[in-house]
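What you see is a predicted model, and the numbers here were worked out from it, not measured in a lab. Chain naming here is simple, since letters A, B, ... match the order of the sequence lines and numbering starts at 1 in each. Hydrogens, waters and symmetry mates play no part in the numbers below; they use all other heavy atoms, side chains included.
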Amino acid sequence: MSRPVRYVVFCLGVVGLAILLAPAVAHLPAFGSTFHPYRTLAVAAAVAHRTANVVSAINFDQRGLDTFGEESIFLASVAGAALLLRPGEHETERRPLGHARMLDATRLLGYVLLPLSTILGLDLISHGNVTPGGGFQGGVVLGTGLHLLYVAGSYDALEKMRPTTLFEWGEAIGAGSYGALGVAGLLASGAFLANFVPLGHFGALFSGGTVPLLNIAVGIEVASGGAILLSHFLRQAMFTEPAGGGRRASGERDE
Amino acid sequence: MKGLIYFVAFFLLIIGAFGIARSKDLVHAVVCLSVAQAGTYVLLLAVGYQHHASPPVFGSPASRPTRDVVDPLVQAMALTDIVVSATVTALLLAISIQIAKRNHSVDPDELNAVEG
Amino acid sequence: MAHFDHGAAALLPLAVAVPMLGASVMLALGRHVSRLVRDLFAIAIAAGVTGLSGYFLAVASSGRIVNWVATWTPLGHRSVGIVLEVDPMGAGIALLAAGLVTCALIFSLRYLESDTGHFHLLVLCFLAGMEGFALTGDLFDLFVFLELMGASAYALTAHNIEDPQALQGGLNFGIINSLGAYVSLMGIGLLYAKTGVLQLPLLGAKLAGHRPGPLVIAAFVLIFTGLLVKSGVVPFHFWLADAHAVAPAPVCMLFSAVMDPLGVYAAFRVYWTVFSPTIAPAHARVAFLSLGVATAVIGAVMCCAQRHIKRLLAYSTIAHVGLFFCALGLLREDGTAAAALYAAGHAGIKGALFLLCGMLLDRYGNVDELHLFGKGRGSPHLGLLFGLCGFALAGLPPFGLALGKALAEKAAIDQHLYWMVALFVLVSALTGGAVLRVTARVFLGLGDRPKGDAEYRAVGTERPPAQRLQALPAAALSAIGVLIAGTLALGVLPGARDAAERAAAAFIDRSGYLANALGHAGHQLAIAPSAPNWDLRGVLLGIASALLAAGFAAASCYGRRILVHVPALRLGTRAVLRALHRVHSGHIGDYVAWLMAGCAILAGLIGLPLR
Amino acid sequence: MTAILAACLLLVAAAGLAVVLTGDPARQALTLSALSLLLALLFLALEAPDVALSEIGIGTAIVPLMVMLAVRKIHAPGKVDSRSAGR
């Protein structure tokens with residue numbers, strides 16, 4: 001279809017949607033109202049299982065299957081991206097040579113931020129059951145934190161710290177432990193993902209039973225998977241090129 | 001307020017979709033898709049909001065939760081949604097990179113590998 | 001539907017957990033073991049899930065299996081947990097999914113190059129997604145598993161990164177399906193805002209007895225948009241042909257045979273459990289039937305207009321999805337039973353056809369009907385199977401597909417919808433005829449040698465010529481054989497119709513679904529008197545479709561000779577086809593525009609009659 | 001509070017529009033992280049710190065990084081066209 005025809009079809013759709021949605025929004029409960037029946041139940045259930053962060057309680061305890069599905073999506077996507085970003089038939093992966101020329105300040109920043117982000121990530125994961133954050137957020141921080149090394153220009157160091165196989169193991173162990181904890185619940189108390197671990201005290205570091213354990217599992221998976229994901233994009237962008245292509249191996253460097 | 005927040009939610013969805021429809025670059029289209037998804041976050045959190053309520057996190061160990069909190073379920077849903085967004089974006093960007101290699105173009109107008 | 005089997009209930013989540021654990025193991029060890037070990041491991045996992053699903057089906061046929069995950073059983077009418085609730089229909093489609101994944105993996109024993117295990121991993125994730133999608137009774141969980149199916153499927157579609165068509169097909173698939181899923185999620189949000197629950201049975205209970213207000217209609221339209229995209233219903237179908245034509249053959253087979261029917265299944269599951277008490281069947285029927293007819297007709301016409309064989313099969317799937325929609329859209333037990341049998345039979349035949357295409361690609365490096373003209377003479381076995389599947393697709397008894405078609409026609413006649421009988425006969429004859437035309441041209445070299453095949457773009461190959469297989473691999477043939485035999489068994493085994501009718505009765509029984517979810521015994525469903533599978537009218541209609549298909553194939557083989565003498569007809573056909581081709585542009589922007597327009601059309605179809 | 005919320009919403013809508021209207025994907029990576037930052041602020045205003053944290057991690061770091069790397073691969077001069085020799 002030509003562009004104008006496409007826009008006409010699109011706009012007709014939007015007009016129809018507007019006619020559909022405007023009265024629907026008018027019939028919604030008022031914004032900020034006190035009508036939250038699920039909230040009342042979920043808070044009570046979280047308190048009963050001594051999980052201070054109710055969002056974590058929902059994610060890992062009350063609706064743990066959703067999060068299992070979510071982690072599966074993550075696993076599938078990382079594997080899918082790895083599959084799609086593999087070097088093609090006529091491509092080779094060039095090894096990076098030497099260090100990039102980077103401003104010392106940038107480099108320093110990278111080295112300073114790395115431990116900070118590591119600590120922040122670990123903190124987010126370990127306190128996910130009591131404070132905002134959790135395995136996913138902490139894992140993201142950890143996974144990206146490693147890439148600060150790249151910002152610091154030391155790709156070799158990154159390659160040493162980020163052996164893909166090890167991270168694949170990490171991701172597999174993280175994702176596998178989530179499922180394994182679910183099966184353990186089945187074996188221990190007869191229900192998949194049942195909260196079978198002692199619950200501890202409300203607000204304590206190890207409270208909420210399986211919630212902190214599942215948080216750690218997700219943290220390991222997301223940190224490793226995130227590192228793999230970024231490393232595939234990085235390799236593709238920096239070091240994959242046509243076999244026998246006329247470009248000099250060390251020709252181009254960082255931005 | 002209610003009108004505004006739901007309008008923004010659907011506005012993001014539609015403007016993101018519109019961005020894909022007029023896109024001349026696949027990477028641009030993929031980014032527009034994540035704009036469309038941002039609409040879902042806004043909608044979900046709007047549904048769960050309550051005036052003068054706190055976040056659904058009872059940080060301090062001693063205090064038993066007595067105060068009102070906003071709906072934590074929509075937040076859990078939004079969290080899942082954000083993960084989905086990131087992973088789908090990664091996959092679609094990976095495909096776009098490969099399309100650029102095979103077709104020497106990422107303009108949807110110039111891609112004609114499939115039709116009819 | 002009174003008793004619960006707690007053993008089976010406890011095992012329900014394993015249908016998702018087992019393939020995911022398998023995928024984790026594959027990620028950790030896939031690189032380090034040989035190809036054969038990876039293959040066998042994945043097959044073992046898929047076979048295990050098949051066994052598990054079969055067990056669920058056996059248990060569910062005497063009562064729904066209910067599992068509130070992690071024991072969050074409801075207090076009164078409320079629970080914070082996710083419920084998995086399985087009736088025979090859900091267990092049946094879960095079994096179909098797992099069985100077909102097993103077949104696909106067996107077929108790909110020697111088919112796909114993969115040295116990391118990522119292909120197997122993605123297939124296992126895809127399986128987990130389908131199982132969760134089939135078994136869950138929670139609206140948001142449905143969305144999560146929809147996305148899991150999606151994420152694995154996008155990557156599997158674009159698996160062959162050397163093929164521009166595969167990449168573009170994967171991209172269109174990913175963008176449209178994701179956008180559809182986000183639209184669905186907005187609908188879920190609206191429904192949650194109104195009711196405060198997410199579990200399907202409880203949602204239905206909340207909406208029961210209320211007139212469908214604007215909010216419910218909007219939620220219905222938005223939620224269905226995502227599900228209809230997944231099903232490939234017109235005008236949300238554009239991505240389907242692009243993706244199904246280009247994915248590796250065993251993956252295409254899974255898409256066509258289970259993934260699209262799963263979308264249809266979920267749409268009607270959500271309709272019956274959530275919306276049926278407020279948007280009554282009498283109102284919803286018009287919308288469902290209109291969508292079904294449009295899908296069936298456009299799918300059938302586009303199917304006949306293709307020369308890329310996999311693309312042809314993809315459009316034939318769209319046409320059949322339209323027929324399923326028509327049968328289910330009657331919103332009655334008999335139509336639902338018919339659609340279940342029809343979809344199961346279709347899965348076997350369409351699966352076999354896609355695998356046969358994979359073998360064609362393997363041998364000749366091409367699936368262009370005209371390019372392959374007469375080249376298949378050396379493969380009589382493939383040709384025989386192809387022709388057989390063509391007749392089965394057209395509805396030749398005694399295949400299960402024909403049984404489903406016959407029952408759907410019977411249901412339509414009972415409702416005095418005679419046009420629908422004509423639609424079923426015509427659409428299945430056209431799609432079957434298109435496959436027979438391919439058989440005649442490729443394997444028999446019948447008809448006029450087509451001109452102009454040099455102008456056609458090369459069709460994506462899946463394997464460089466040097467690696468093409470000469471002999472037909474036994475594993476691949478056995479997978480195809482199992483699929484065809486299974487479809488045949490469905491039609492001839494006594495009791496298939498009874499089982500389908502019982503499954504359909506449970507599927508549309510909303511109050512029983514709710515009662516069982518809450519731990520109560522549902523009321524006893526009246527068991528219809530046992531009926532024989534076939535009746536004379538159905539057999540005759542089936543034979544008529546098959547003959548019509550053969551006639552259509554002959555006419556299109558020698559069509560040019562006829563059409564030359566009827567310029568008006570020729571020009572008319574050409575104009576229609578050109579317009580359709582222009583709409584099916586492969587352009588992602590067009591598809592998004594149609595998705596929006598489709599939302600509006602759906603809103604009009606469902607909303608206007610309720611005004 | 002309502003004023004802050006309204007301001008956040010309007011900013012988010014404007015940023016969303018800006019991302020869509022930015023034709024050049026390299027710049028889009030920047031507008032997208034701005035949108036994510038504003039979204040995170042909005043989520044904080046809506047009392048959703050968990051979601052805000054995720055959005056910051058994903059929306060302002062990982063996704064723009066992937067977009068930039070993809071753009072670099074696709075649009076780097078000579079990068080794409082040199083592929084034609086290999087085909």
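For chain A, the nearby part of C/Leu122 is the side chain; its heavy atoms alone come within less than 4.5 Å. With a 4.5 angstrom heavy-atom cutoff, A/Phe68 touches chain C only via side-chain atoms. The parts of A/Glu171 that come within reach of chain C are both its backbone and its side chain, each placing non-hydrogen atoms under 4.5 angstrom from that chain. Only the side chain of C/Leu14 comes within less than 4.5 Å of a heavy atom in chain A; its backbone stays farther off. Contacts of A/Val78 with chain C are absent, with no heavy-atom separation under 4.5 Å from either backbone or side chain. With a 4.5 Å cut-off on non-hydrogen atoms, C/Leu121 touches chain A through its side chain but not through its backbone. For C/Trp68, no part lies near chain A; criterion is any non-hydrogen pair under 4.5 Å. The part of A/Pro29 that comes within reach of chain C is its side chain, from C-beta onward, which places non-hydrogen atoms under 4.5 angstrom from that chain. Residue A/Glu70 touches chain C through its backbone alone, counting heavy-atom pairs closer than 4.5 Å. Only the side chain of C/Leu29 comes within contact range of chain A, judged by heavy atoms closer than 4.5 Å. Heavy-atom distances place both the backbone and the side chain of C/Ala17 under 4.5 Å from chain A. Residue contact with chain A, scored on non-hydrogen atoms closer than 4.5 Å, is absent for C/Leu602. With a 4.5 angstrom heavy-atom cutoff, A/Phe74 does not touch chain C via any of its atoms. Proximity to chain C (any heavy atom under 4.5 Å) is restricted, for A/Leu186, to the side chain, taken from C-beta onward. For C/Thr195, the part sitting under 4.5 Å from any heavy atom of chain A is the backbone (N, CA, C, O) and nothing else. Contacts between C/Leu124 and chain A at a heavy-atom distance below 4.5 Å are absent for every atom of the residue. When heavy atoms are compared at a cutoff of 4.5 Å, C/Leu148 approaches chain A by way of both its backbone and its side chain. If you measure heavy-atom distances from C/Asn67 to chain A, you find no contacts under 4.5 Å at all.
Put simply, the side chain of C/Ser585 never gets that close to the backbone of C/His581: no donor and acceptor are under 3.5 Å apart. In terms of modelled atom types and a separation under 3.5 Å, the side chain of C/Arg38 and the main chain of C/Gly30 share a donor-acceptor contact.
Around atom CZ of C/Arg578, no more than 12 heavy atoms belonging to other residues, nucleotides or ligands sit under 6.0 Å away.
Between chain A and the options C/Ala603, C/Ser152, C/Ala193, the largest number of non-hydrogen pairs under 4.5 Å is found for C/Ala193. When the candidates C/Gly598, C/Gly589, C/Gly132, C/Gly604 are compared by the number of heavy-atom contacts under 4.5 Å with chain A, C/Gly589 comes out ahead. Each of C/Thr136, C/Leu215, C/Asp590 has some count of heavy-atom pairs under 4.5 Å with chain A, and the biggest count is that of C/Asp590. Ranked by heavy-atom pairs under 4.5 Å with chain A, the first of C/Ala155, C/Ala158, C/Ala70 is C/Ala70. Interface check for chain A: of the options C/Ala151, C/Ala23, C/Ala28, the most heavy-atom pairs under 4.5 Å are formed by C/Ala28. When each of C/Pro13, C/Ala600, C/Ala593 is checked for heavy-atom pairs under 4.5 Å with chain A, C/Ala593 comes out on top.
A distance of 15.0 Å separates CZ in C/Phe236 from OH in C/Tyr591, rounded to the nearest 0.5 Å.
A side-chain donor from one of C/His587 and A/Arg6 sits under 3.5 Å from a side-chain acceptor of the other.
Here the closest non-hydrogen pair linking A/Arg39 and A/Thr34 is NH2-O, 3.7 Å. Here the shortest heavy-atom pairing between A/Asp61 and C/Trp72 reads O-NE1, 3.3 Å. Listed here is the closest heavy atom pair of C/Gln168 and C/Gly586: NE2-O, 3.0 Å.
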| message | Pair A/Leu20, A/Leu17 - check side-chain contact (heavy atoms from CB on, under 4.5 Å), show working. | response | CA-CA 5 Å; A/Leu20 174 76; A/Leu17 265 182; 4.1 Å; yes
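Ion pair C/Asp141/A/Arg63 not flagged as a salt bridge, since none of the NZ, NE, NH1 or NH2 atoms sits closer than 4.0 Å to an Asp/Glu carboxylate oxygen.
The aromatic rings of C/His159 and C/Phe119 stand perpendicular to each other, their planes meeting at an angle above 60°, with 30° marking the opposite boundary. Between C/His32 and A/Trp169, the ring planes lie tilted relative to each other; the angle falls in the 30° to 60° range.
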